[in-house]
2 protein chains.
Amino acid sequence: MAGTHAAGWLAVPPDHPLGLQTLPYGTFTTVDRPTEPRAGVAIGDCVLDLSAAMCRLLTGRAHLFSSGRLDAFLDAGDRAWDQIRSAVTKWLSSDDYREAIEDLLVPAADARMHMPFAVADYTDFYASEHHARNVGRIFRPGGEPLPRNWRHQPIGYHGRSATVVLSGTPVRRPYGPSLPPGTEAPVFAPSARLDFEAELGFVVGVETVVGEPVTVGRFTEHVFGACLVNDWSARDIQAWESMPLGPFLGKSFATTISPWVVPLAALEHARIRPPSHGTDVFSYLAEPDGWGLDIGFQVTLNGHVISRPPYATMHWSPAQMLAHLTVNGASVRTGDLYASGTVSGPQPGERGCLLELTWGGTQPLALPDGSTRTWLEDRDELVITATAAGPEGTRVGLGEARGMILPAQDPTAI
Amino acid sequence: MAGTHAAGWLAVPPDHPLGLQTLPYGTFTTVDRPTEPRAGVAIGDCVLDLSAAMCRLLTGRAHLFSSGRLDAFLDAGDRAWDQIRSAVTKWLSSDDYREAIEDLLVPAADARMHMPFAVADYTDFYASEHHARNVGRIFRPGGEPLPRNWRHQPIGYHGRSATVVLSGTPVRRPYGPSLPPGTEAPVFAPSARLDFEAELGFVVGVETVVGEPVTVGRFTEHVFGACLVNDWSARDIQAWESMPLGPFLGKSFATTISPWVVPLAALEHARIRPPSHGTDVFSYLAEPDGWGLDIGFQVTLNGHVISRPPYATMHWSPAQMLAHLTVNGASVRTGDLYASGTVSGPQPGERGCLLELTWGGTQPLALPDGSTRTWLEDRDELVITATAAGPEGTRVGLGEARGMILPAQDPTAI
């Protein structure tokens, strides 16, 4: 790539979401080296070949990126994370390093992204009060919308890590059993209520041993960063199967993540006190400072913005989620991914899934092409993007989680 | 070990559960080579060092056991599984191989067992109708005991794979939030209703890709074998947290598996038609032959037998469970573990957990030492064993899943 790219240095526009304030990590290949995954750092409209840069400029840590995946780096811990972020910042901002680095910048358009780490356990929470209340109102009209336990602890469940896929992977409409409205017996059919859920995911770097809880104060010692998550949901399959053990086939067919893992260090300026701050919670959930996050989400369906969920309204913080997950002695591992649950704000245009946006399918969304949606249709493309508040008025980009729905294929005919 | 063991060959008593009819696989070390995990096959009261035997007698497949763990072997598929089982059977039954093999037999008492494979996704089902009905009667007296969906499909959920531990690992009583009877607000405390669940687990060898369902007829192409599972459960934590997303902290602190994986080939004689056979099920769950299994479980508490659950009464077969798990397009991976759910028969002495044995804690169990139990107490040791029907009147041993309860440690004081 030598000489083909000269606009990287300090020339990234200040309003670019992938400036020096962001510097997220991912795994990429290029068309000329398709079988060599390399670790990369996004900067402006380029990707820095971090695997190669480390071999030139920080050889003592180069082994952390030799596989091209981030697993060893995640496992290396917060001192290594800080050291490498500082080094990359220096390389990309000081002219002294331009010569050593410039030929390692690849145009982002030429980089094919891959899963950046192996997902160990995948867990999903339910941390938005607006989402939980809306779901309660839709499914239990007239009843108390929030489950009794909801304000006492972050509610979560385990999901399927095998089917966490990278942004851009098409998602096939699942078959499964469900009980269509007005019928007496369940049917086995393609989901007729396919939905997305816009979420934020947190990536664990440093593992624990069984019996070692991660207190809210030790959150940053174990969690490396964040990515976007689309927790695709087949509402009809989910509704029929979930009693008494929770979601299963209605969720396990696919979960999409964004390709860039944004370090917590890049989200420091976005920190706010979450709504749970100061409320009466168990001591293991009390959070003196708070890891609420001022992140603005945007959801587009076929290119049209259908929602702008504000992460700042999430009741439980990711530090509280992890403290809860481990308070019973459960351990975490490098590559664990835990997601926030659907991000929904108080306004109708801030809801993070079609279940809420169309109020259970009763209020169709109008799209600019004249069509309407209650649930996702075949060939619909759903894109989640987000930016966080950064230093000096900048925005920290979290990339995108993109997926197109493919028509169902009858599994009994294969 | 040369010369210290001469009684192995064909001298295994015919009623020994680990005779030639069984030949399960595991991972072990010895005190003289504590850092070298080796794959082993249990035979009588010995363990054959399979990693070494392969290097001598079947070098073309020896790489499958070079790590000492079973992962590569599991991934190798049913032709390799059959070939190696045939070879080991020949080595251990023909005098022609005695000289080549004898020094590779280690007394089982000298073998320290280790986790035999890396658990990918862990899933747990709810396949016993007796268990599901008893749970329904205990929690919803007067109501319909079975959930509406139960007879239409195997109900399951995802659990935490990080905390699947080997038999013998002590299990610490978890802390967590719960709502004690008669209280208005939840408390954060050690579980006061700690329970076991006797289950059978199935180990996936050959992975699939997303969108490729494993039909009931292809069960044996993907599943290698079975082990015993104790799905430890904190009933009070579970009851409070489970609505609406299912069990979380009440299960995730520990799941114990037995160290020996018994190949499906050793369970062929135990095959029976499960109770679901011939009932009106979705076509993807119809099972012409059936993988019900005639396996007798035994549960001992501090050495006293408290239950003998019959696996033959399980409604859904493991082939049906896997067909369900994948029918929505979800993929499986090498090392996936899915468990049956609590094994309970129709009789009171056949119930596979204390929740049922003590009827929700209302009918204490009397132990020979004069004490009683409603739930597990600190220092209680729970052991699950099982044998399956084998050829010619033999029994196929499934080893044991053993665990002792350690007192709770306050996670907020660490």
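This is a predicted model, so every value here is computed, not measured. Residue numbers begin at 1 in each chain, while the letters A, B, ... track the order of the sequences. Hydrogens, waters and symmetry mates play no part in the numbers below; they use all other heavy atoms, side chains included.
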Tell me, side chain or backbone of B/Phe188 under 4.5 Å from chain A's heavy atoms, or both, or neither?
both
Under 4.5 Å to a heavy atom of chain B? For A/Phe125 that would be side chain
Chain B shares the most heavy-atom pairs under 4.5 Å, among A/Ser242, A/Ser161, A/Gly246, with A/Ser161
From the list A/Arg160, A/Gln153, A/Glu207, the residue making the most non-hydrogen contacts under 4.5 Å with chain B is A/Arg160
Under 6.0 Å from the CZ atom of B/Arg140, do we count more than 12 heavy atoms belonging to anything else shown?
yes
Below 6.0 angstrom between ring centroids: does that apply to B/Trp150 and B/His315?
yes
Counting heavy-atom pairs under 4.5 Å with chain B, the top scorer among A/Pro174, A/Ala408, A/Gly159, A/Gly176 is A/Gly159
For B/His222 and B/Val206, indicate whether the former's side chain and the latter's backbone hold a donor-acceptor pair under 3.5 Å.
yes
Can you tell me which portion of A/Asp336 sits under 4.5 Å from chain B's heavy atoms? Options are side chain, backbone, both or neither.
side chain
The interface call for B/Val327 against chain A, heavy-atom contacts under 4.5 Å, is both
Got a sec, which pairs hit side chain to side chain donor-acceptor pair (under 3.5 Å) with one end in residues 169-181 of chain B, sequence neighbours left out?
B/Arg173-B/Asp378
Going by atom types alone, do B/Asn328 and A/Ser252 pair a side-chain donor with an acceptor below 3.5 Å?
yes
So, the side chain of B/Ser344 versus the backbone of B/Thr342: is there a donor-acceptor pair under 3.5 Å, distance only?
no
Part of A/Pro186 lying under 4.5 Å from any heavy atom of chain B
both
Below 4.5 Å, heavy-atom pairs only: which of A/Leu249, A/Thr163, A/Val332 has the largest tally toward chain B?
A/Leu249
Using a cut-off of under 4.5 Å on heavy-atom pairs, state which of B/Gln238, B/Glu241, B/His324 scores highest against chain A.
B/His324
More than 12 heavy atoms of other residues, nucleotides or ligands under 6.0 Å from CZ of B/Arg218: is that the case?
no
If you tally heavy-atom pairs under 4.5 Å between each of A/Ala120, A/Ser331, A/Gly329 and chain B, the highest tally belongs to A/Ser331
Does the A/Asn134 side chain pair with the main chain of A/His130, one donor and one acceptor, at a distance under 3.5 Å?
yes
Interface check, chain B: of A/His152, A/His158, A/Arg148, most non-hydrogen pairs under 4.5 Å belong to A/His158
Largest heavy-atom contact set with chain A, pairs under 4.5 Å, which of B/Ala330, B/Ala254, B/Ala162, B/Pro147
B/Ala162
State plainly whether the residues B/Glu356 and B/Arg137 are in salt-bridge range, i.e. N to O under 4.0 Å.
no
Quick one: what part of A/Val119 sits under 4.5 Å from any heavy atom of chain B, side chain, backbone, both or neither?
backbone
Which bit of A/Ile237 is near chain B, if near means a heavy-atom gap under 4.5 Å: side chain, backbone, both or neither?
neither
May I ask you to check whether B/Trp232 and B/Thr256 show a side-chain donor-acceptor distance below 3.5 Å?
yes
Can A/Arg235 and A/Glu197 be counted as an ion pair, charged N to O under 4.0 angstrom?
yes
With a 4.5 angstrom heavy-atom cut-off, could you sort out which part of B/Val187 is near chain A: side chain, backbone, both or neither?
backbone
Can you tell which part of A/Thr123 gets under 4.5 Å to a heavy atom of chain B, answering side chain, backbone, both or neither?
side chain
